[in-house]
Amino acid sequence: MRGTAVVVGGGLGGLTAAVALRSVGWEVVVLERAPEFGEVGAGIGVMPNAMRALDALGLGEAVREHGTPRLPGGVRDHRGRALGHLDADELERGGRLVAIHRADLHRVLRSALPADSLVTSADVVEVEPEVRYLVDGEPVVLEADLVVAADGIGSRVRSRLWPDAPAPVYAGTTAWRAVVDFTGPLEIGQTLGPGTEFGVLPLAAGRVYWYAATLSAPGLRADDELAEVRALVDGWHEPIPALLAATDPRAVLRHDVHELASPLPGYARGRVALLGDAAHAMTPFLGQGACQAVEDGVVLAAACSDGASVAEALARYDRERRPRTQAVARASRLVGRVGLGLRNPVAIGVRNALMRSVPAKAAVSGMTRFSGWRPPALSARPVGDPPA
Ligand SMILES: Cc1cc2nc3c(=O)[nH]c(=O)nc-3n(C[C@H](O)[C@H](O)[C@H](O)COP(=O)(O)OP(=O)(O)OC[C@H]3O[C@@H](n4cnc5c(N)ncnc54)[C@H](O)[C@@H]3O)c2cc1C
């Protein structure tokens, strides 16, 4: 069937769902609580699975334009010793990872939606029996055949419709992120030190996204977060010191990492689908949180495109998305434990020896376990061109 959909939340997940649903003929309105659309945050890694989903929507090329060029990549220990390395061809064999500034990705998605489908300062308070939202405290009511709850990890819709679902929990890690102007030879890099990890993802036009994550108590903040990162990775290999030297302290963002540690028993209820972090907020150690939200949007649209009722479409969405996203979340948690989660030198030595022993071919096939995903066909016009 085709009908009307309200998307609650204009983050990366909600916007992708809106673009995908429109591409299969649905009328869509996105309700965003914030006064403006946009993304707080630095860069984001868009894995090959999500790039394929964006390609299916006709948006992949626009993302690649702003994102990581074709590069080699590798993992090192904090002294700079290689634990694994892939040249650009090998990396591409598993599909290309494209890191991009979040604001650019958000803009690319927005450009595929008509301006009048995007409503800001709209705080959704109920979705049953109809969608109710507040604008300047005044209630507005909307009817819709389908509601997509993409309202993030703290989802109000989830707590209303899944009142027994446990709240998100702190994942034991805090993370810093920044995008800096940097010229110099770089690779896609991840460095693992005791209890800490540092990542480098070059973007287009001489910009670089770096992140650092460490085991920590929650809620700690410093006046100078850049100094915190410097102290954390003191003595680590280049280009880490050079990147930090090039960083404006005001550009550094810090967030504690939370996740929905208890998987939900369902992602759909009535005509409401949960999507993205609202359904499966996960740790960032596989770089898959937003990528799974992007997949969600495309699968939801495919399910809604083939003449099925909303109930049948949402049953299919739940069947296809829940096992996969919950498996990715489990794997991400595990990767965090054996990555930055290790502090014991013996355990670190064993892990590093194991990583060094993995041949490139096996590393590529390991990477494709999740990033090898392919989107379902959308019987749709591509939406890469701006709508009239
Ligand atoms: C440190 C860190 C690094 C990460 N790195 C990566 C990475 O490299 N790759 C990756 O794929 N993922 C990454 N992630 C995960 C990724 O950021 C999230 O999975 C993704 O942003 C979730 O998108 P979303 O649209 O589901 O939710 P959100 O981005 O949280 O969007 C929800 C939107 O809903 C709005 N909203 C909330 N309540 C209401 C309401 N009542 N009414 C209306 N609007 C509402 C909010 O204002 C917001 O705009 C990372 C996460 C962290 C913490």
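Keep in mind that what you see is a predicted model, and the values were worked out from it rather than measured. Basis for what follows: all heavy atoms, side chains included, without hydrogens, waters or symmetry-related copies. Atoms within each ligand, like the ligands themselves, are counted from 1 in listed order.
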Contacting atoms of ligand 1, where contact means under 4.0 angstrom from a heavy atom of [X]:
X: G289; value: 10 (C), 11 (O), 12 (N), 15 (C), 19 (O)
X: L31; value: 43 (C), 44 (N)
X: D123; value: 40 (C), 41 (N), 42 (N)
X: Q288; value: 10 (C), 11 (O)
X: A175; value: 1 (C)
X: G276; value: 26 (O)
X: L12; value: 25 (O)
X: R156; value: 41 (N)

Verify whether one side chain among [X] and [Y] offers a donor that lies under 3.5 Å from an acceptor in the other.
X: R254; Y: T174; result: yes
X: R321; Y: Q292; result: yes
X: H237; Y: R81; result: no
X: Y170; Y: E259; result: no
X: Y209; Y: T68; result: no
X: T214; Y: W176; result: no
X: R102; Y: H106; result: no

Which protein heavy atom lies closest to [atom], and at what distance to 0.1 Å?
atom: atom 32 (C) of ligand 1; result: A150 O, 3.4 Å
atom: atom 28 (P) of ligand 1; result: G152 CA, 4.2 Å
atom: atom 2 (C) of ligand 1; result: R177 NH1, 3.6 Å
atom: atom 23 (O) of ligand 1; result: G13 N, 4.1 Å
atom: atom 36 (N) of ligand 1; result: D151 CB, 4.0 Å
atom: atom 34 (O) of ligand 1; result: G9 CA, 3.2 Å
atom: atom 14 (N) of ligand 1; result: R102 NH2, 3.7 Å
atom: atom 31 (O) of ligand 1; result: G11 CA, 3.6 Å

Do you know which of V298, V19, V98, L109 makes side chain to side chain contact (heavy atoms under 4.5 Å, CB included) with L54?
L109
Has D89 got more than 12 heavy atoms of other residues, nucleotides or ligands less than 6.0 Å from its CG?
yes
With a 6.0 Å cut-off (strictly less than), is the heavy-atom count around CD of E27, excluding the residue itself, greater than 12?
no
Is ligand 1 under 4.0 Å from a heavy atom in the side chain of [X], in the backbone, in both, or in neither?
X: V157; value: neither
X: C291; value: both
X: P284; value: side chain
X: A122; value: backbone

Looking only at atom types and distance, does a side-chain atom of E90 sit under 3.5 Å from a main-chain N or O of D87, one as donor and one as acceptor?
yes
Polar atom proximity, G45 to ligand 1 (N or O, under 3.5 Å)
yes
Does G287 reach ligand 1 with a nitrogen or oxygen that is under 3.5 Å from one of the ligand's nitrogen or oxygen atoms?
yes
Side-chain donor-acceptor pairs of residues 367-376 under 3.5 Å, sequence neighbours excluded:
unit_1 : atom_1 : unit_2 : atom_2 : d
T368   : OG1    : S365   : O      : 2.8
S371   : OG     : M367   : O      : 2.7

Cationic tip of R177 within the cone over W210's six-membered ring, i.e. under 6.0 Å and within 45° of the normal?
no
Give the intermediate values and the outcome of salt bridge (Lys or Arg N to Asp or Glu O under 4.0 Å) for residues R351 and D77.
CA-CA 11 Å; R351 179 203 61 204; D77 72 9; over 6 Å; no
Closest to atom 47 (O) of ligand 1 by heavy-atom distance, out of R33, Q292, E32, H106, is E32
